[in-house]
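Notes follow the structure.
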Amino acid sequence: MAPASKAERKAVLDAGAWMFNVVTSVGIIMVNKALMATHGFSFATTLTGLHFATTTLMTLVMKWLGHIQPSYLPLPELVKFVFFANLSIVGMNVSLMWNSVGFYQIAKLCIIPVLCILEILFDKVRYSRNTKLSIVLVLVGVAVCTVTDVSVNSKGLLAAVIAVWSTALQQHYVHHLQKKYSLGSFNLLGHTAPAQAASLLILGPFVDFWLTNRRVDTFNYTTIVTFFIVLSCTIAVGTNLSQFICIGRFTAVSFQVLGHMKTILVLTLGFLFFGKEGLNFHVVLGMILAVIGMIWYGNASSKPGGKERQVYSVPSEKTQKSSQSELDQKV
């Protein structure tokens, strides 16, 4: 009875963490779409810096209230993480600017295979045939409903490669740091958010000027624009926290695979709120394939052998001595 109740409790917490991530992620995408597309605030890197500044304030309040206990993260590890995370943010923005939307979407889909490679190499994870096929089905489904025109150029390809690898490394690193240093989601955010906020708020205006040829300090900040920025920053606290919670509870690959549920939701909400232009048979077909793939992945990866870490046991000195003693007795 006890193991069953423990498993049920874990399932409820997993579902809650996942829904928290889906709601905050879809919410922030819709708010940012209104902020950037409707009101012309196109300073994505600076906005991300504001997101992490707000998240830093949240972690400081949580520390003050005693909900975040003191923890340790070596400076070299923090610098490495911030480097990958910031490179991922800038890389994705540059990739979107230099590539067609179709190739940008293909590049984002490549994050999953790269994460699988990282897990196989560094975590000794092994995937079953059904788990691999379910991942392929998700990728095909999302590609069918999001990829339209695909044109490639050399500098766009370079930006996409950097964006994909830095994003994969950052997400894999979240899981690695949480396990290695026994850090909770709040603890890890408490270390990384201030460093990311400071670096992005310093570099962000220059990167955004390079990308948009517009200065963030000369933008016309109306009441409605300011409201959307504050709303975006508020939701971002939940998005940042839920990402760390989900990667800690699952793995970076599962986070990415199930994360495409957000892509489907964003497309659906976009059609509902911003008009049905672009909604056609192949988009609906892609959505159905992706959802089937996600359900299949959840089922396949949870079965024994579906996705497991290989453990190579090394005989201890005590075991070796015991074996030698038995051998001596036999002789």
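This is a predicted model, so every value here is computed, not measured.
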Checklist entry - Do you know which two heavy atoms are closest between Pro205 and Leu201, and how far apart they sit? => result CD-O, 3.2 Å
Next on the checklist: I'd like to check the salt bridge (charged side-chain N to carboxylate O under 4.0 Å, His left out) partners of Arg214; sequence neighbours left out, ordered by chain and number.
Outcome noted: none
Item to check | Separation of Tyr72 OH from Asn187 CG (nearest 0.5 Å) | outcome: 14.5 Å
Enumerate, atom names and distances included, each donor-acceptor pair closer than 3.5 Å involving a side-chain atom of residues 231-238, sequence neighbours excluded.
{"from": "Ser232", "atom 1": "OG", "to": "Asn32", "atom 2": "OD1", "distance (Å)": "2.7"}
{"from": "Ser232", "atom 1": "OG", "to": "His51", "atom 2": "NE2", "distance (Å)": "2.7"}
{"from": "Thr234", "atom 1": "OG1", "to": "Val230", "atom 2": "O", "distance (Å)": "2.8"}

Item to check | Pairs where residues 216-233 contributes a residue and the test salt bridge (Lys or Arg N to Asp or Glu O under 4.0 Å) is met, not counting sequence neighbours | outcome: Arg215-Asp217
Next on the checklist: As an exercise, state the distance from CG of Asn213 to OG of Ser42, rounded to the nearest 0.5 Å.
Outcome noted: 10.5 Å
Next on the checklist: Taking ring pair (Phe, Tyr, Trp, His ring centres under 6.0 Å) as the definition, give me every residue that meets it alongside His191, ordered by chain and number, with sequence neighbours left out.
Outcome noted: none
Checklist entry - Can you name the salt bridge (charged side-chain N to carboxylate O under 4.0 Å, His left out) partners of Glu77, sequence neighbours left out? => result Lys80, Lys180
Checklist entry - By salt bridge (charged side-chain N to carboxylate O under 4.0 Å, His left out), which residues pair with Lys179, not counting sequence neighbours? => result none
Item to check | Within the 6.0 Å centroid threshold, strictly below: His67 and Phe186 | outcome: no
Checklist entry - Less than 6.0 Å separating the ring centroids of Phe83 and Phe81? => result no
Checklist outcome for this item: Between Phe20 and Thr24 the two heavy atoms that sit nearest each other are O-OG1, 2.8 Å
Item to check | Non-hydrogen atoms of Asn93 and Ala44 that approach each other most closely | outcome: ND2-CB, 3.8 Å
Checklist outcome for this item: Distance col, row Ile162:CD1 vs Thr167:OG1, nearest 0.5 angstrom, shows 11.0 Å
